[in-house]
Every structure is written in structure tokens, then in C-alpha cells.
Amino acid sequence: MKSAIRSLRRMKAVFIARNLEYLRDRASFGWNLVFPVLIVFALAVVFSGPPKALFTVTTIGQEALPELVKFPGVQSLEADRTKALERLSRQQTDLVLEVSEQSVNYWVNGNSAAGAILETLLQYTEDRPLERGETDGQAIRYVDWVVPGILGMNMMYSALWGVGYVVVRYRQSGYLRRLKATPLTKFEFLSAQVLSRLLVTLTASSIVFIGTNLILDYKMVGSIALLVLIALMGGLAMITLGLAIACRTESKEFADGLLNAVTFPMLLLSGVWFSLDGSPQWVQTIAQLLPLTHVLEAARAVMLDNAGLTDIALHLAVLVGFCIVGMGVSLKLFKW
Amino acid sequence: MTETILAVRGLRKSYDDVVAVDGLDFEIESGQCFGLLGPNGAGKSTTLALLEGMELPTSGSVTYRGGALPADYQDRVGIQFQATALQDYLTPFDNLKLFSSFYDDPISMDRLIEQFRLGEFLHRDARRLSGGQRQRLLLALALVHNPEIVFLDEPTTGLDPRSRRDLWDVVTDLKADGRTLILTTHYMEEAEVLCDQLVILSHGQTLLQGTPKALIEDAGVVDLDTLFLSLTGESLVTTQEVIE
């Protein structure tokens with residue numbers, strides 16, 4: 001008990017010291033808040049016009065497709081049924097087709113004018129029996145879709161660089177060696193770094209989330225508590241990943257390279273800016289190996305589709321796995 | 001009656017093909033100021049790291065009061081590293097508070113602030129301290145838990161003469177408190193003033209060992225620098241340092 005209290009006292013001291021360092025570094029602190037807000041507003045302005053006059057059809061399977069999908073101005077992509085209907089309810093696609101040699105099943109969104117046009121065209125051009133299904137759901141603006149991406153991206157940079165780069169800087173400057181000469185343990189030091197950065201990440205994300213929502217009023221239909229849970233688990237997963245990268249690295253330049261090697265694929269493949277629905281399967285498989293993908297898929301499910309805990313449980317489980325592996329590797333390999 | 005607090009037997013440390021410390025044997029008495037002297041690359045800092053318990057020897061041993069270094073050895077020693085960065089944006093006050101919290105029974109901050117005259121720059125960003133102020137802060141941090149052994153790795157390197165003298169006063173006070181001090185330096189004058197016992201190192205090995213006075217008298221020279229020059233053909237103080 002006494003030793004646990006002692007440990008908590010040391011962790012608290014390192015936690016406070018790290019927070020002071022961060023808060024007094026006004027340039028970094030300000031940038032962490034200002035940068036994502038600027039991006040959200042820039043995108044809101046750039047993509048604020050009416051949606052493009054282009055029909056999109058999502059097909060479940062690729063065989064015996066109707067003539068409709070070959071019409072000029074119709075773009076088609078393939079997805080599984082769950083994904084396709086999810087896209088339809090968000091009006092990210094106008095029509096969903098599931099085709100066999102004998103019949104055509106199709107779904108439209110009752111709120112979509114484009115869907116109604118495509119439905120009429122399908123009825124005129126298709127000879128096979130048609131089976132109709134309908135979903136509802138309002139169209140999602142790009143800004144609604146991209147906000148979770150930007151918040152996640154900001155969290156990723158803040159978590160990975162704020163811990164990974166800082167720990168390497170401490171090591172290179174000899175500060176870690178100084179701490180090694182005290183009774184502070186690896187676990188206490190690393191835990192304090194994780195908690196300090198988690199506080200910073202969650203606070204910054206909350207401020208950006210609330211601030212931009214007041215002005216842009218983007219879609220948020222799900223539970224705030226679940227969103228906080230996702231941010232918590234996502235933040236932890238990426239902070240521990242940053243620690244694992246920094247646990248033995250001695251050079252800031254090398255740390256730069258490693259951090260870029262981790263952040264760049266997430267930036268491209270985790271769905272920050274655009275959906276990977278139409279991309280090859282192998283790309284989507286790689287994306288599932290990245291923590292940011294799970295953060296964003298879970299966050300969008302909550303924010304846009306009112307998903308519950310069970311709907312995002314798998315994503316949370318993957319993030320917990322990342323945390324355990326990241327912290328385990330850090331504790332095992334950490335060098336002062 | 002003095003007691004051997006640290007003893008070194010056949011101490012050796014190598015990094016790949018480089019032998020930094022090559023078979024050292026000496027003992028350090030409790031309450032003594034023990035100096036490790038030598039030019040850059042002589043193995044002073046590596047020897048100090050082995051004595052501090054920060055590094056493990058390749059072979060040989062360091063014993064504390066006749067036994068292995070205890071698990072709570074870090075609680076018993078205070079270390080002032082030659083080059084230590086502190087966290088950016090923290091003041092001496094923040095640093096004292098941080099380091100105090102690592103220990104169960106730290107010295108009161110007021111006493112440290114007074115003893116090391118930190119008051120005038122207590123709330124200044126530690127990166128903006130002068131060399132002497134910074135060394136005083138680092139020494140205060142090393143002593144925050146009232147250790148019985150204090151390691152000082154070239155504490156006056158890079159300081160102006162005034163700051164160097166100030167630090168000598170602080171070290172003299174620590175000696176008067178009865179602490180065991182182990183310091184490295186390449187300033188012979190400093191070693192003569194502060195140290196009770198010296199080991200002069202060259203290429204990781206002991207060249208000479210004894211009290212400053214005995215070493216000078218036995219060699220029939222005027223000071224330690226002349227002695228070192230006569231032994232190795234090189235001065236401990238570089239030309240650049242003479243200019244400074």
C-alpha cells in the first residue's frame with residue numbers, strides 16, 4: 001500500500017511537470033488547437049457548394065449487372081450489403097443493387113431525389129423482376145464526414161509526436177539519465193507520460209469538437225459518452241504506439257523517420273479525408289491494421305449512424321489490443 | 001575512525017572494442033572528498049558511472065560498505081551529471097518540487113533554496129540560467145534527498161572563475177556536513193583545494209593514487225599539473241581552457 005502511494009506520488013509529480021512544460025510552450029499548445037480548426041473551416045468552405053450532379057450506384061457483387069450502371073454519369077462501386085446500405089442511408093450512394101441472373105433486388109433512400117430518378121430509370125431499362133427495398137436517412141455533408149477524420153488526425157499527431165518525439169528529446173538531452181538516478185521507475189515515468197498526453201489530447205479534441213460544432217453544426221446523432229470512450233481508447237492506443245517507437249530510439253532524426261513511417265500510412269489509409277470503400281481489398285486489409293482506422297470507423301458510426309456500444313465493440317477491442325501491445329513493448333524495451 | 005564506504009576491485013568496463021576503464025582498484029573512506037583526475041577520455045566519467053550504479057562493470061566489482069550495491073542505493077547517493085538537461089519551461093522551483101517528490105523524506109525546499117542561493121532565480125525558466133546558477137541548481141537537485149554520497153562530474157567545467165570559486169564554497173560546506181564526495185575534474189587546482197584523496201587516471205588505468213600533498217611531495221614538483229605533465233607528457237588543461 002505504502003509503495004503504491006509512493007508510486008502514485010511520483011507519477012503525479014512527473015505528470016504535473018510534463019503538463020507544465022506543455023502548457024508553457026505556448027506555440028505548440030496554440031498550434032494543437034488552431035491547426036485542426038483551420039482545416040475544418042477550410043474544408044467547410046471548399047466543400048460547401050451543392051453536391052456534384054453525379055449518380056452513384058453501389059453493387060453487391062459484380063455479375064449480371066443491369067445496363068443502368070453503364071449509363072454516362074453513373075458511377076458504380078462494389079461493397080458488401082451492410083456497407084452498401086450504410087452508404088445509402090447517408091446518401092453517399094443513390095441506389096444499391098444486388099443482382100442475380102433471375103432477379104434484381106434494389107434499395108433506394110426515400111429521402112433521395114437522385115435515388116428516385118435512378119429507380120425510374122432502372123424500372124424502364126431492366127427486364128428481370130425487380131424487388132424493392134427502402135432505407136431512410138439524411139444526406140451527409142462532406143464536413144460531417146470529415147470532422148471525425150480531422151479530430152482523429154489531430155489526436156494521432158498529438159499522441160505520437162507529443163510522446164514519441166518528447167521522450168527521444170529527453171533521452172538525447174540526458175534528462176532521462178538524470179531521472180534514472182532517482183527512485184522513479186520505468187512504469188511510473190511511462191504512465192505519467194501517457195496520462196499527461198491523454199489529458200492534453202482529450203482536452204484539445206474536446207475544445208476543437210465543441211468550438212467547430214458551434215459554428216458548423218455538423219451531424220452528431222450518437223452518444224457523447226461513447227465518443228469520449230472512443231477518444232480515450234484511441235488516444236491511449238496511439239500514445240502507447242508513440243512510446244513503443246521512442247522506447248529505445250536515441251536520435252531525434254531517426255525518431256522523425258519512424259514517426260513519419262507510422263503516421264503517413266494512417267493519414268492515407270485510415271479514411272481521414274476520403275472513404276476507402278472503392279479501393280482494392282488489400283488496401284482495406286492494411287487499413288484495418290492501423291489504430292486510426294478503428295478510431296474513425298467507430299467515431300463515424302457513433303456520430304453519423306447513432307451506433308451503440310455493441311456496434312463499435314470490435315473497434316474498441318482492437319484499440320485495447322494496441323494499448324496492451326504498445327505499453328508492453330515500451331515497458332519491456334524502454335531505455336533511460 | 002573512518003570506514004570504507006565504497007571499494008573498487010579489478011574494475012573494468014569496455015564498449016565493443018573500446019576499453020574505457022581497465023582494472024582499477026581503490027577504496028573511498030566515508031566523509032572523504034575523493035577526486036578522480038585525468039584529461040578528457042581518461043575514463044573518469046565511466047568510472048563515476050560505475051560507482052554511481054548507473055552502469056554495470058564488464059568485470060570486477062564496486063562494493064558499498066563491504067557488500068553489493070543495495071537495492072535502495074539510488075536513495076543513498078546524489079548525482080550531479082556533467083551534462084544534464086532539465087525539462088523545458090520548468091523553473092528551479094518546479095524542478096525542486098519534482099525531484100523532492102521522488103523521495104520519502106526530502107530536505108525542505110526552503111533550506112535548499114537558501115543553501116544554494118537559488119532565491120534570486122527561483123522562478124526563472126531553467127534554460128535561461130547562467131552556468132554557475134545552473135550548476136547550483138543541479139547540485140541542489142542532487143542533494144534533495146539528503147544523500148550520504150554525492151557524485152560530482154566535472155562540476156566546474158565551463159564556469160567563469162567567480163562561479164567556480166562559489167561552487168568550491170558549496171562543496172566545502174558539503175564536506176563539512178560529513179558527506180562523502182566523489183568528484184571528477186581536470187582542474188588540478190580544484191583537486192588540490194577540495195580533495196582528500198586522489199586517483200589520477202590515464203587511458204582507463206591508475207597512474208597515481210594518494211593525497212594531493214603526498215603526491216606532490218613524493219614527486220618533488222610544485223603542483224599536480226606539473227606532476228601530470230611529467231608523467232604523461234600532456235597537460236590536463238587544454239590550450240582552449242587556458243585561453244578561457
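Chain A is the first sequence line, chain B the second, and so forth, proteins listed ahead of strands; every chain is numbered from 1.
- Few gaps surround OH on B:Y73; more than 12 heavy atoms of other groups in view lie less than 6.0 Å from it.
- Contact of B:F99 with chain A is made through the side chain alone, with heavy-atom distances under 4.5 Å.
- Enclosure of atom CG in B:D105 is not indicated, since only 12 or fewer non-hydrogen atoms of other residues, nucleotides or ligands lie within 6.0 angstrom.
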| field | side-chain contact (heavy atoms from CB on, under 4.5 Å) between A:L20 and B:Q87, worked out | value | CA-CA 10 Å; A:L20 281 178; B:Q87 268 184 249; over 6 Å; no
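- Note: A:E21 CD to B:L86 CG = 10.5 Å, rounded to the nearest 0.5 Å.
- Between the side chain of A:R178 and the main chain of B:F81, no donor-acceptor pair closer than 3.5 Å is present.
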| request: Run the numbers on A:R18 and B:L90 for side-chain contact (heavy atoms from CB on, under 4.5 Å), then give the verdict. | output: CA-CA 9 Å; A:R18 175 67 190 116; B:L90 294 197; over 6 Å; no
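- Of the two parts of A:V14, the backbone and the side chain both hold a non-hydrogen atom closer than 4.5 Å to a non-hydrogen atom of chain B.
- Both the backbone and the side chain of B:D104 come within contact range of chain A, judged by heavy atoms closer than 4.5 Å.
- At most 12 heavy atoms of other shown residues, nucleotides or ligands fall within 6.0 angstrom of atom CZ in A:F264.
- Contacts between A:R6 and chain B at a heavy-atom distance below 4.5 Å involve the side chain alone, from C-beta outward.
- Around the CG atom of B:L56, the shell of radius 6.0 Å holds no more than 12 heavy atoms that belong to other residues, nucleotides or ligands.
- Across all their heavy atoms, B:E55 and A:R177 have their closest contact at OE2-NH1, 4.0 Å.
- Of the atoms belonging to A:L179, it is side-chain heavy atoms, and not backbone ones, that fall under 4.5 Å from chain B.
- Taking a 6.0 Å sphere around CZ of B:R111, one finds it holds 12 or fewer heavy atoms contributed by other residues, nucleotides or ligands.
- Contact tally against chain B (heavy-atom pairs below 4.5 Å) for A:W336, A:Y170, A:Y175: the top residue is A:Y175.
- For the set A:A13, A:S173, A:A181, A:G174, the entry with the most heavy-atom pairs within less than 4.5 Å of chain B is A:A181.
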| task | Decide yes or no on side-chain contact (heavy atoms from CB on, under 4.5 Å) for A:R24 and B:D94, but give the supporting numbers first. | result | CA-CA 12 Å; A:R24 289 176 188 171; B:D94 298 329; 2.5 Å; yes
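- No more than 12 heavy atoms of other residues, nucleotides or ligands lie within 6.0 Å of CD in B:E114, so this atom counts as exposed by the packing criterion.
- Counting non-hydrogen atoms of other residues, nucleotides and ligands closer than 6.0 Å to NZ of B:K97 gives a total of 12 or fewer.
- Across all non-hydrogen atoms, the minimal contact from B:D88 to A:R169 is OD2-NH1, 3.0 Å.
- Atom OG1 of residue A:T182 and atom NE2 of residue B:H145 lie 9.0 Å apart, to the nearest 0.5 angstrom.
- Contact between A:D25 and B:Y89 at its shortest, heavy atoms only, is OD1-OH, 3.1 Å.
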